Engineer: 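Following this message is one structure expressed as C-alpha cells.
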There are 2 protein chains.
Amino acid sequence: MGSTYDVPESNVDVLIVGAGPAGLMMATWMAKCGINARIVDKRGTKIFNGQADGLQCRTLEIFDSLGFGHRVWRESNHMLEICLWNPDEKGIIRRGDRIPDTIPGISRFQQVVLHQGRIERYFLDELKGCSDLEVERGVVPVELTIDVSNVENVGACPVTVKLRHLSEEEATPKQSATSANGQAVQDGLFRSNLTADDTAELLKVTQLSSKADTEEIVHAKYVLGADGAHSWVRGQIGLRLEGDSTDYIWGVLDIVPITDFPDIRMRCAIHSANAGSVMVIPRENKLVRLYIQLTTTEKIGEGGSKADRSKISPQVILESAQRIMAPYKITYRKLDWWTAYQIGQRVGTKFSVHERVFLAGDAVHTHSPKAGQGMNVSMQDTFNLGWKIASVVKGISSRSILKTYQSERRRIAQDLIEFDRKFSRLFSGRPAKDVMDAEGISMDEFKKAFEKGNMFASGIAVDYGASMIVAKRGDTSDQGDGTDVSVKDPKLRVVSDQSLAAGIEVGKRMPSVKVLNQSDARPWHFQELLPSNGRWRVVVFPGDILKSDQKKKLGEVGKAFESADSFLHRFTPGGGAFNEVFEIFAVHMAPRQSVTIFDFPSVFRHYDEVDGYDYSKIYADDASYHEGFGKMYETFGISDKGCIVILRPDQYVSYVGPMEDTAAVNSFFETFMLPQSHRNEPPAVGR
Amino acid sequence: MGSTYDVPESNVDVLIVGAGPAGLMMATWMAKCGINARIVDKRGTKIFNGQADGLQCRTLEIFDSLGFGHRVWRESNHMLEICLWNPDEKGIIRRGDRIPDTIPGISRFQQVVLHQGRIERYFLDELKGCSDLEVERGVVPVELTIDVSNVENVGACPVTVKLRHLSEEEATPKQSATSANGQAVQDGLFRSNLTADDTAELLKVTQLSSKADTEEIVHAKYVLGADGAHSWVRGQIGLRLEGDSTDYIWGVLDIVPITDFPDIRMRCAIHSANAGSVMVIPRENKLVRLYIQLTTTEKIGEGGSKADRSKISPQVILESAQRIMAPYKITYRKLDWWTAYQIGQRVGTKFSVHERVFLAGDAVHTHSPKAGQGMNVSMQDTFNLGWKIASVVKGISSRSILKTYQSERRRIAQDLIEFDRKFSRLFSGRPAKDVMDAEGISMDEFKKAFEKGNMFASGIAVDYGASMIVAKRGDTSDQGDGTDVSVKDPKLRVVSDQSLAAGIEVGKRMPSVKVLNQSDARPWHFQELLPSNGRWRVVVFPGDILKSDQKKKLGEVGKAFESADSFLHRFTPGGGAFNEVFEIFAVHMAPRQSVTIFDFPSVFRHYDEVDGYDYSKIYADDASYHEGFGKMYETFGISDKGCIVILRPDQYVSYVGPMEDTAAVNSFFETFMLPQSHRNEPPAVGR
C-alpha cells in the first residue's frame, strides 16, 4: 500500500472530496463552466432517506438558476404558516398565534421541505445533463500535500492527493452509518422515498470499478474539502472548528402521524408548560418530522461532555412528544427515520489554506438543524466559491478574488452561529408562567424572534461586505470575517451610488419581479434571466427611452461598451462567443408597444450571421396580458435618470452607478480581471 | 403469410393503432386507469422534427392533469401577442393592430408552440413512469373483423385484428415519408431538435424484435384507429370522410430567420396588398414557422383536383415570403423543415361502429393547420374517449356512455370545420382596398374574426351537449351530432340548477382559480386537484360553515354520502380503495383560520389505520400569503346557499345542484353506473 512506484498519476483542475450537497453544488458549477474536475466520495451510494432539511427561498432561487428549481418546487412540501402553541393559564397547550413561514414578497419562492436524497438526485441529473462529470464513489483520499513554493503560480497544480479506491465491503457502510447519531429503520415497512430514478441506482449499488483496492496520485490546482463534520481534509491542512456543544438533547422522528392535533400539516413550535418543546415540520408524502426535546433545562453531562444516548429509542422519543402534545393524541404505524443529537455550535478558524485547499459546509460550521439552515448554508458556501475558482482556472480573473470566499462565507457562518444560539435558547427554554417569571421564556419574545429569524432563515438577508467584487463603502475587514479583500490601487477603487436604485442593494442578491421581453412580450422573472453559467451581467436601466436625453445617454453607453478599450472587449477572449464572459441587458420603462429592439444600440441585440439577432437581452418594465405588472422601476426605486448595475455570476449585486460613468464599469472589472489576447480576431460586437 | 395455423393468438382489452398524439393520449388513459392495452405503430421511430403545432390552453390543462404540463410549459415558446399587419394607403405593410394571443383570464395557461416530437416524448415518458405499456413499433394491422353477434356482450372480445411485425427495412421509412407533402432537410445543418432524451432513441432506431416478419392475431374488446388521415382502420370498418379540398395552397418553412422585421417573435398575420399573406408563428430555439400563401385567389386545378407541387421548393416559398413581407428583408441559413399543402376540410360520417371500433384524430377530421387546432382536437378526441372505455372495461359503467363519444366529438369536429372555413377565407383573401372593395377582405372584419376565433381556438369554449353524463336541459340529439344519448328512465332524469354556480357551466370544463388547502394553507389551482386518474369528483360547496344552517346542511350531505345506499357505497367496489371511483371534495368560504378539518363530516377527511387522516380534500376560498386570492365563490357566482357539483374524470362539469338534493346525485350515477358487489366488506367510509 505504501509503495508508489506503480501508482498512476494525473492532473486535474479541481478535486472535490465529498458528494453531499456542498460537494455536488461545487461539481455543478465546474460542469456549467466547463472546468476539468473530479468528485470523489467514500460512500458507495447516495443517501436514500432521512437527513431532510428545509430549503430556504434563496436556495430555491439558486436551484432555479441551475435548472432544477421547478423539480424541487413540485416535489417538495411547501410550508406556508407557522403556528405557535403555548400553555394557557391552566397549562394546556393552545394555538397562540400564526405567522407566515416565508415573509411575503421577499422571493418568488417560499420555504419548502424535501429530503436530501432527492436534492442529491437533482444535482446528479443536472451534472449528467450538462457534462461527463460523475461522482466516483467508494474513493477516499489518504494523503494530501501542498507544494507551498508553487501556490501563487497560477497554472501550477500544487496540491497532491493520494486516492484509494475501496473494495465493495469498505464502500457500502450501512445507511445508518451515514448519520452519526442515527439508526436506519430495518423493517422495510416504509420505502416510499425510493422513487423510480433512485431505485435503479440502489439496485446496482456500488458496481465498483476494476480499480477496487488500488491507489492513485492526483495533482490538483484546487481541492475542496466538502467531507462533513468530521472532515478528513480539514485535519490534513491543520484547521479546526471553534465553539461548544450546547446542553440540549433533541430527538427526531420522521413518521406518518396518526393524530387529532389539528395543525399537524403546519410548521409548529409547541412549548408545553413543563414537558419540553416540539417542533413540527410537515414533509412530502404525508411524512412529518418532529423535533422533540428530550430534556428541558437540566444538564446531562458537565461542560462539553456528551450525553448517554444508549437509552434513546423511537419509543422514548414518541413518549416525550405525547407528553408535550397532550391532550392531543399522536402515534404512528410508519417510521421512516429517527435520530437524536446534541447541538454543537462551531465555526472553522479559516476556510482555506493558500487559497488552494478550501473547506465548505459541515466541514467548517455545525449548528442546530432546527433553524432549517444546515444544507442551505453548506450549498451556498460552494455556490459562492465555485464560479470564483472556475473564473481563475479559465484565466478570466486573478487569484485575488479567491480571498473573498473566506471573507464572505466565514462571516455568514459566524452570523449563523450567533442566530442559532439565540434561537435554540428560546426554543429549548421553559415558557414563562407570567411576566414575573424571569427564568422562563416570554412567548411574545419568542414570536418576535421567530419573525426576525424568518428573514435571516430565508437566506435573502445575506449581505456580502465591501471587496474588490462588491463596490460599496466601508472597510472590507470589518464587513467580512477580518480578511483584507480591498482594491489595492486607489485609482481603480469604485463606489456605488445606491440612491440610483435603492432596492437593488449592493452586496445582496439581485431581487426579482417580472419584466417583459421586448421582442415577444413574454413575462420573465428577472432572476430567470440569470442562469448560473459563470457569466457576469451588466444591466443597463435606461429609463424611458422615448425621452431624448435618456435615449442619448443610452446611445453613449452603447458606444462605450462597444469601443475597443471597454471591459467587454478587453476581458472577453478573442475567437470565443460574444457573451462568453459578460451578458449585456437593458430593462427600459418606455411603453413596450412604442419601441422595438432597433431603438437600442447593437450591443443589446448582438447580430450573428447564422442565428440572426439576439432577442433575449432587451426587456420592458410594462404590464403583461396575463401575469400582472412587475413595476421594476417603482419597486426597486430605480431612478428616472437610469443606472448601470453589475451582477456577479452568483446573482449578487456588485455595483450600482450612473449611466454617464461607463469608466467606473471599466475600472471595476480592471481590478481583478485579466486582459485577454485577441490575436487577429476582436470579438464581434454587434453590427 | 395467409396461413394461420401457427399464428399466435392473444386477448387484450384495448388495441390502439397509431402512436401519434391521439393514440398516445389514449394509451396514457389506459395506463393511468390500469387497463390491459397495446399500442402499435407502423413507423420504426417517433418523429423528431417538423409537424409543430400550437398548443391550446385547454391542451396544456389536460397535459397538466396527466403530469407533464410543466415540462411543455418550460420548453415551449409562449405566444403572447398577435400583430396584424396590413397594407397602408400606399400599399406598404404596417402594423395595424395588436391583440392578446390568449384571451386574458380564460385559463391559467396560455397558447404555446412546441414540435410534435417533444409532445410524443412526454407521453412516452409518462407511460413509462406509470405502466409497462410501450409502443410496439414496426407493427401494422392487416386484417380486422368484428363478430357483430357479440358486440353487446360486455365481457367479449368481438374485434379480431391480425398484426404483422415488419422487417427493419419496412419499418424505417425516411423521416420525410411521414409528412405526405414534405421533404426532410438532408444537409444535417440543423439538428437542435434532437435533445438528449431523443438521441438515445434515434441511435437504437428500430431494434426490431425477433418477431420481425411474423404475424399474430389479437382479440380485442375495443379498438381505436388513430392512424391518421389515410386511416387503415377507417377503411376496414367502411367509414369515410365528407367534405372538400379548398383552392388555397400554402407553403411552410421552419427557419431561424435573419430579418429586420420587428415582430418576428410575435404571432403575426401579414396581409400584403397583392402578393398574398404570411402567418408568422414563433417557435422554440429561435425557430420561426412561416405559413406562406403560394397563390392568392386563382385556382390551381379545377374542383377538388390537386395542384402540381413538383415545382415547389424552399427557395420558391421563401421568395413568396420576401414579396409579401417587403420592404422588410428576410432570409435564413438554418432550415429545419418545410412542406406545402392544400387545405382539405372533411369530417367522418361516424366516429365508431358498434361502439367497439372507434376512430379519432386525423382519421375523422382534416382541416387547415393554421388555426392551430389539429393536434389539439385530435388529442382531445381520445381524452374524451379514454376514460369512458376504461370505465366500461373495469365494470364501473355500462356501455351506454360510449355513444357520447361520437355525440360530443363529432359535433366538435363539425364546429371546427365551420370555423376553419371562415378563418381560411379571411386569411387567404386579398385585403380590401377601401370600403367599396366588396371582393377584398375588410381588415376590421378580419380582426373581429381573429378575436372571436381566439376563444374557439383556446379549446375552452368546448360545451358538450346534454346526455346521460351531462345533466342539462334540452334535446341530446340537437346539442350533439344527432346521436341519441338521453337518459331513458324519466324517474332518473336529473337537470342542473345552473343558477347556483353560474360560472361552473354544465357541459364545459371546470374553470379554475386558487383555493387553500385547509390543513396546510397551501394554494392550489382547483384544476390541480383533478388529475386524470379515471375518478369522478363530487365537489360540495357548503358556503360559510360558521353559519349554522350551512353547517347543518353540510352535516346532512355527509350523512347521505356515507349511508349504505349512496352512490359512493353502491358504485365503489368492496375491498378496493375508498376513493377508487369517486373523490369527495369540500370548498368552503369560512375564514380558513376559523375552522379545522374536524368541523367537516368524516367523508371529507377519510381515516386510514396506517396513513391517518386524508388532508387533501378540504379547501378554503380564502386569501393566501403569497399568491393573492382566487375568490372562487365570487368569481364563479357560487350561491351562499352552497351547491353540489359533479365533475367527469376529464374535468367537464356534469351537474350543478342544491345541497339538499343528494337524491339527484344518486340518480345521476344510477343512470350509467353498475352496482358493485361488496361481499362481506363494505368500503370504509370515514370514522
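Atoms considered below: every heavy atom in the structure, side chains included; atoms not considered: hydrogens, waters and symmetry mates. Below, read A as the first sequence line, B as the second, and so on, with proteins coming before strands; counting in each chain starts at 1. Since this is a predicted model, take the numbers as computed values, not measurements.
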Engineer: Between A:Met266, A:Arg108, A:His78, which residue shows the highest count of heavy-atom pairs closer than 4.5 Å to chain B?
Structural biologist: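 Going by pairs under 4.5 Å, I would pick A:His78.
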Engineer: Do B:Leu80 and A:His626 have side-chain heavy atoms sitting under 4.5 Å apart?
Structural biologist: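 Contact flag for B:Leu80/A:His626 side chains = yes.
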Engineer: Do A:Ile258 and B:Tyr607 come within less than 4.5 Å of each other through their side chains, counting heavy atoms only?
Structural biologist: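 Side-chain contact under 4.5 Å: yes.
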Engineer: What distance separates A:Thr596 OG1 from B:Ile264 CD1, expressed to the nearest 0.5 Å?
Structural biologist: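 Between atom OG1 of A:Thr596 and atom CD1 of B:Ile264 there are 13.0 Å.
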Engineer: Using heavy-atom distances under 4.5 Å, tell me whether A:Ile330 contacts chain B through its side chain, its backbone, both, or neither.
Structural biologist: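 Neither the backbone nor the side chain of A:Ile330 comes within 4.5 Å of chain B.
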Engineer: Can you tell which part of B:Ser624 gets under 4.5 Å to a heavy atom of chain A, answering side chain, backbone, both or neither?
Structural biologist: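 B:Ser624 has no heavy atom closer than 4.5 Å to chain A.
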Engineer: Quick one: are A:Asp520 and B:Glu81 in side-chain contact, heavy atoms under 4.5 Å?
Structural biologist: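 No. Closest side-chain heavy atoms not under 4.5 Å.
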Engineer: Taking side chain as C-beta onward, heavy atoms only, is A:Gln110 less than 4.5 Å from B:Tyr625?
Structural biologist: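 A side-chain contact under 4.5 Å is absent here.
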Engineer: Considering only heavy atoms, which portion of B:Gln593 lies under 4.5 Å from any heavy atom of chain A: side chain, backbone, both, or neither?
Structural biologist: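 When you check distances to chain A, atoms from both the backbone and side chain of B:Gln593 fall under 4.5 Å.
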Engineer: Rounded to the nearest 0.5 Å, how far apart are NE2 of A:His70 and CZ of B:Arg74?
Structural biologist: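 Reported to 0.5 Å precision, the distance equals 4.0 Å.
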Engineer: Is the backbone of B:Tyr613 close enough, under 3.5 Å, to the side chain of A:Lys286 for a donor and an acceptor to pair up by distance?
Structural biologist: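 Yes.
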Engineer: Side chain, backbone, both or neither: which part of B:Pro262 has a non-hydrogen atom closer than 4.5 Å to chain A?
Structural biologist: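 Both parts, backbone and side chain.
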Engineer: When heavy-atom pairs shorter than 4.5 Å are enumerated against chain A, which of B:Ile103, B:Leu516, B:Thr102 gives the highest number?
Structural biologist: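 Sorted descending by pairs with chain A, the first entry is B:Thr102.
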Engineer: Do you know which of B:Ser616, B:Pro100, B:Gly612, B:Ala521 has the most heavy-atom pairs with chain A at a distance under 4.5 angstrom?
Structural biologist: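 Top option by heavy-atom pairs under 4.5 Å: B:Pro100.
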Engineer: I'd like to verify something: which residue of A:Arg98, A:Arg95, A:Gln518 has the highest number of heavy-atom pairs under 4.5 Å with chain B?
Structural biologist: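 Going by pairs under 4.5 Å, I would pick A:Arg98.
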Engineer: So does A:Asp611 pair up with B:Lys334, basic N to acidic O under 4.0 Å?
Structural biologist: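 Counted as a salt bridge, because a side-chain N and a carboxylate O are separated by less than 4.0 Å.
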